[in-house]
Amino acid sequence: HVKERGRSDFRFYQKKMNIGLLSRMKLDHAMRQALEKQEFRLHYQPQVHLKTGQIFGAEALIRWHDEELGEISPAQFIPIAEESGAIVPIGHWVMREAISQAAQWQRAGHRICMAFNVSALQFQQANFVSSVAQTLKEYEVAPEYIELELTESVLIRDADETLRKLEALSQLGVRLSIDDFGTGYSSLSYLKRFPIHKLKIDRSFVDDLPEDDSDVAIVTAIVHLAHALQKQVIAEGVETEQQRCLLEHLLCDEYQGFLCSPAVSASEFERLFLSDQGLICQLRVSS
Ligand code: C2E
Ligand code: MG
Ligand code: MG
Ligand code: MG
């Protein structure tokens, strides 16, 4: 047993090493091939209303299983895809897949909001807004259920062009959120200029709740800031009931995190969503 375990640990270690040693060029090539070979999948992490405890939406997160390298985390390959430019076709695939899944859920009568990540380079493409418009039209999806997660790095450059694009997206009816809020370089002034609907409090501010006083202060301030500007606010990376409870107390609107569920396959998400709805019905009936 020990021997076998040792061997698989070694193999695991080897796989990890392989990614580290692979040149960026090779990894870029592997990513573009993975796209062709359809090796990418999306998983969906539930987003939950703090007040009702009900699942109302999903964040689509990319997953990559390579035959030789094994499971590769987006935290590893997305930064490299951003550097090489491979994020543009990958991000395009993510958008189409997420919107197609959202359309499927809408046709089945489920009201599920779908959020997906948009990288800065993808956003900067001249045809980005028209590709969003075209995809919405193609899948005949209600745009108010679609949310684009942007990082602060999107908002710092070329302010006029950025403003035009954000307004055009907003005109399409989709919602816009700022991911990892509070960790980027941007100033707060963009919050008053840009049509942003939601702030996503970065996990790093949530991790040490409720003990860390500075994090309590920061999260409190972000919730107030969001609400004062008529925006919604969601906390990321909620893992414990104590964190959830404090966030509810601070009047944060929503959360996502392992406390509810990690990102799961579409069918598993459906199961979670439906059983959640069932639970709500039961509560109503029994009360
Ligand atoms: P993100 O957009 O901030 O996504 C949240 C990350 O936190 C996800 O990691 C998620 O699995 C993880 N997470 C969620 N809840 C918890 C929790 O309670 N505890 C902990 N420890 N972690 C939690 P993941 O899937 O590994 O993705 C990492 C990052 O990679 C994402 O951060 C995002 O920046 C990027 N990414 C993932 N998918 C895509 C994509 O399709 N396109 C782009 N451009 N970036 C993506
Ligand atoms: Mg995100
Ligand atoms: Mg985030
Ligand atoms: Mg992130």
Side-chain angles (χ1 to χ4, degrees), residues 42-61 63 73-75 105 110-117 145 147 149-152 175-184 196-266 268-287:
L42 290 186
H43 274 187
Y44 303 90
Q45 183 174 40
Q47 298 183 323
V48 185
H49 275 304
L50 270 161
K51 232 190 262 169
T52 63
Q54 200 170 6
I55 296 174
F56 69 91
E59 176 177 1
L61 292 158
R63 296 292 176 259
S73 154
W105 282 334
H110 307 320
R111 293 166 173 260
I112 301 173
C113 298
M114 175 70 81
F116 61 89
N117 296 282
Y145 286 95
E147 178 180 311
E149 294 192 7
L150 310 167
T151 54
E152 288 169 300
R175 302 175 55 79
L176 303 170
S177 63
I178 303 182
D179 204 353
D180 308 332
F181 184 76
T183 60
I196 302 293
H197 302 93
K198 191 186 286 185
L199 306 183
K200 298 196 73 176
I201 302 175
D202 190 65
R203 205 170 76 208
S204 59
F205 302 122
V206 174
D207 276 345
D208 297 327
L209 296 183
E211 288 86 14
D212 189 307
D213 293 341
S214 305
D215 287 331
V216 174
I218 288 170
V219 170
T220 305
I222 296 176
V223 172
H224 284 173
L225 177 68
H227 288 163
L229 294 169
Q230 328 287 335
K231 299 178 195 315
Q232 288 177 309
V233 59
I234 183 168
E236 297 188 289
V238 175
E239 294 182 353
T240 69
E241 176 55 26
Q242 290 93 308
Q243 291 169 341
R244 193 207 62 76
C245 192
L246 176 62
L247 287 160
E248 187 183 357
H249 179 73
L250 295 177
L251 302 178
C252 186
D253 302 306
E254 306 158 353
Y255 82 91
Q256 62 184 90
F258 296 165
L259 178 65
C260 175
S261 168
V264 293
S265 68
E268 179 68 7
F269 181 90
E270 264 170 57
R271 206 189 57 72
L272 283 172
F273 178 78
L274 291 174
S275 71
D276 189 49
Q277 303 266 303
L279 186 67
I280 298 275
C281 289
Q282 273 171 21
L283 284 175
R284 286 222 185 94
V285 168
S286 63
S287 65

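Partners of Pro210 according to the side chain to side chain contact (heavy atoms under 4.5 Å, CB included) rule, which considers only residues two or more places apart in sequence or in another chain, are Gln242, Leu246. Listed by chain and number, the residues in a salt bridge (Lys or Arg N to Asp or Glu O under 4.0 Å) with Glu211 amount to none (sequence neighbours excluded).
With contacts defined as side-chain heavy-atom distances shorter than 4.5 Å, the pair Glu241/Leu259 qualifies. Counting heavy atoms from C-beta outward, Asp179 and Glu236 have side chains that approach closer than 4.5 Å. Within the 4.5 Å cutoff, side-chain heavy atoms of Met114 are placed close to those of Trp105. Residues Glu268 and Tyr44 have side chains not in contact (no heavy-atom distance under 4.5 Å, counting atoms from C-beta outward). Annotation: side chain of Leu251 is not in contact with side chain of Val233 (no heavy-atom distance under 4.5 Å).
Here the CG atom belonging to Asp215 is positioned 5.5 Å from the CG atom belonging to Asp208, to the nearest 0.5 angstrom. Rounded to the nearest 0.5 angstrom, Asn117 CG and Leu61 CG are separated by 6.0 Å. Rounding to the nearest 0.5 Å places CG of Asp276 at 11.0 Å from OG of Ser261. The structure places CG of Asp207 at 10.0 Å from OG1 of Thr240, a figure rounded to the nearest 0.5 Å. Taking CD1 of Ile55 as the reference point, atom SG of Cys113 lies at 12.5 Å (rounded to 0.5 Å).
When all heavy atoms of Glu149 and Ala115 are compared, the closest pair comes out as OE2-CB, 3.6 Å. Nearest heavy atoms, Ile196 versus Lys231: O-NZ, 3.1 Å. Among all heavy-atom pairs drawn from Leu209 and Val216, the shortest one is CD2-N, 3.7 Å. Taking each heavy atom of Pro46 and Pro262 in turn, the nearest pair found is CD-O, 3.8 Å. Between Ala60 and Phe116, the shortest heavy-atom contact is CB-CB, 4.2 Å. Of all heavy-atom pairs spanning Gly182 and Glu152, the tightest one is N-OE1, 3.5 Å.
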query: What do the steps show when you test Cys252 against Val219 for side chain to side chain contact (heavy atoms under 4.5 Å, CB included), and what is the final call?
result: CA-CA 9 Å; Cys252 186; Val219 170; 5.9 Å; no

- request: Could you walk me through whether Ile178 and Leu150 pass side chain to side chain contact (heavy atoms under 4.5 Å, CB included), step by step?
  value: CA-CA 5 Å; Ile178 303 182; Leu150 310 167; 5.6 Å; no

message: As a quick check of understanding, evaluate side chain to side chain contact (heavy atoms under 4.5 Å, CB included) for Phe205 and Thr183, giving each step before the final call.
response: CA-CA 9 Å; Phe205 302 122; Thr183 60; 4.3 Å; yes

message: With side chain to side chain contact (heavy atoms under 4.5 Å, CB included) as the criterion, how do Phe181 and Leu225 come out once you've worked through the C-alpha distance, each side chain's angles and the decisive distance to 0.1 Å?
response: CA-CA 12 Å; Phe181 184 76; Leu225 177 68; 4.2 Å; yes

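Each of His43, Gln256, Gln45 was checked for a side-chain hydrogen bond (donor to acceptor under 3.5 Å, both in side chains) with Glu59, and the lone residue meeting it is Gln256. Paired with His110 under the rule ring-ring contact (aromatic ring centres under 6.0 Å, His included), one option of Tyr145, Phe269, Phe56, Phe273 passes, and it is Phe273. Considering Lys198, Arg175, His197, Gln47 as possible partners of Glu147, the one that fulfils the side-chain hydrogen bond (donor to acceptor under 3.5 Å, both in side chains) test is Lys198.
For the side-chain hydrogen bond (donor to acceptor under 3.5 Å, both in side chains) condition, the pairs that include at least one residue of residues 219-230, sequence neighbours left out, are His227-Asp253.
Counted within 6.0 Å of NE2 on His249, heavy atoms from surrounding residues, nucleotides or ligands total 12 or fewer; the atom is thus considered open.
Side chain of Gln54 to backbone of Gln277: no donor-acceptor contact under 3.5 angstrom is found.
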